[in-house]
Trainee: 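Pasting a structure below so you can have a look.
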Amino acid sequence: MKSLLIMALCILTITLYQNSIDGNDSYNESLKLNKASLFLNYTTAFDNYYLSNANVTGDVTSNVILPVWIPKDSFIKMYVNGGYGYVYMPSEKGVISELMKITDYSALIGVTDRTSIVTITGKVAKPSFIPEGYIVYMR
């Protein structure tokens with residue numbers, strides 16, 4: 001009888017542990033998707049600003065008006081340089097793959113290395129104000 005109780009307790013413990021792991025995986029997937037969605041909301045707000053302010057240059061992060069329902073993220077930056085616009089944030093595990101899926105593998109999104117922005121179509125020269133290891137949207 002004791003061995004049957006111990007066996008049942010072990011099975012219950014294993015089941016609870018597996019459910020906990022599955023819950024964490026689901027939670028982590030949700031976080032990646034939320035971060036990717038937030039980044040895309042920032043790119044949309046940036047595009048609207050950029051189209052209305054053709055002669056702007058420099059850091060425009062504080063100038064871009066976000067809809068009230070979009071949470072502020074101090075790690076997402078927006079910059080215009082030489083007629084090109086950039087929205088960028090530190091890369092987090094799994095976020096770039098979510099962005100690529102959501103955008104149908106857009107060539108306007110990439111990840112920086114030391115000298116370039118690496119996109120699915122190749123490398124683009126990286127402006128010096130964007131650090132290495134960042135996700136970048138280019139306009």
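For reference, positions follow the sequence shown, starting with 1.
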Trainee: Assess whether atom CD1 of I65 is packed by more than 12 heavy atoms of other residues, nucleotides or ligands within 6.0 Å.
Mentor: no
Trainee: Under the ring-ring contact (aromatic ring centres under 6.0 Å, His included) rule, collect the residues that match up with F46, sequence neighbours excluded.
Mentor: Y50
Trainee: Side-chain donor-acceptor contacts of residues 79-91 below 3.5 Å, not counting sequence neighbours, with atom names and distances?
Mentor:
none

Trainee: Following the transitive rule for hydrophobic clusters with a side-chain heavy-atom cut-off under 4.5 Å over Ile, Leu, Val, Met, Phe, Trp and Tyr, establish whether F39 and V60 coincide in one cluster.
Mentor: yes
Trainee: Could you list the residues that satisfy side-chain contact (heavy atoms from CB on, under 4.5 Å) with T44, not counting sequence neighbours?
Mentor: N48
Trainee: Listed by chain and number, what are the side chain to side chain donor-acceptor pair (under 3.5 Å) partners of T57, not counting sequence neighbours?
Mentor: none
Trainee: From I96 CD1 over to I109 CD1, what is the distance, rounded to the nearest 0.5 angstrom?
Mentor: 6.0 Å
Trainee: Mind checking the CG-CD1 spacing from L108 to I117? Nearest 0.5 Å is all I need.
Mentor: 11.0 Å
Trainee: Please list, chain by chain and in numerical order, all residues satisfying side-chain contact (heavy atoms from CB on, under 4.5 Å) with T121, sequence neighbours excluded.
Mentor: A107, T119
Trainee: State which residues pass side chain to side chain donor-acceptor pair (under 3.5 Å) with N53; sequence neighbours excluded, sorted by chain then number.
Mentor: none
Trainee: Checking T115 now: which residues fulfil side-chain contact (heavy atoms from CB on, under 4.5 Å) with it, not counting sequence neighbours?
Mentor: D113
Trainee: Could you pull out all residues at least two apart from P67 that satisfy side-chain contact (heavy atoms from CB on, under 4.5 Å)?
Mentor: W69, I70
Trainee: Going by side-chain heavy atoms closer than 4.5 Å, which hydrophobic residues are tied to V68, directly or by a chain of links?
Mentor: none
Trainee: Filter on salt bridge (Lys or Arg N to Asp or Glu O under 4.0 Å), then keep only pairs touching residues 87-107, sequence neighbours left out; what's left?
Mentor: K35-E92, E98-K101
Trainee: Can I get a per-line list of side-chain donor-acceptor pairs under 3.5 Å for residues 122-139, giving both atom names and the distance, sequence neighbours left out?
Mentor:
| unit_1 | atom_1 | unit_2 | atom_2 | d |
| --- | --- | --- | --- | --- |
| K126 | NZ | I130 | O | 2.7 |
| Y137 | OH | D47 | OD1 | 2.9 |
| Y137 | OH | D47 | OD2 | 2.9 |

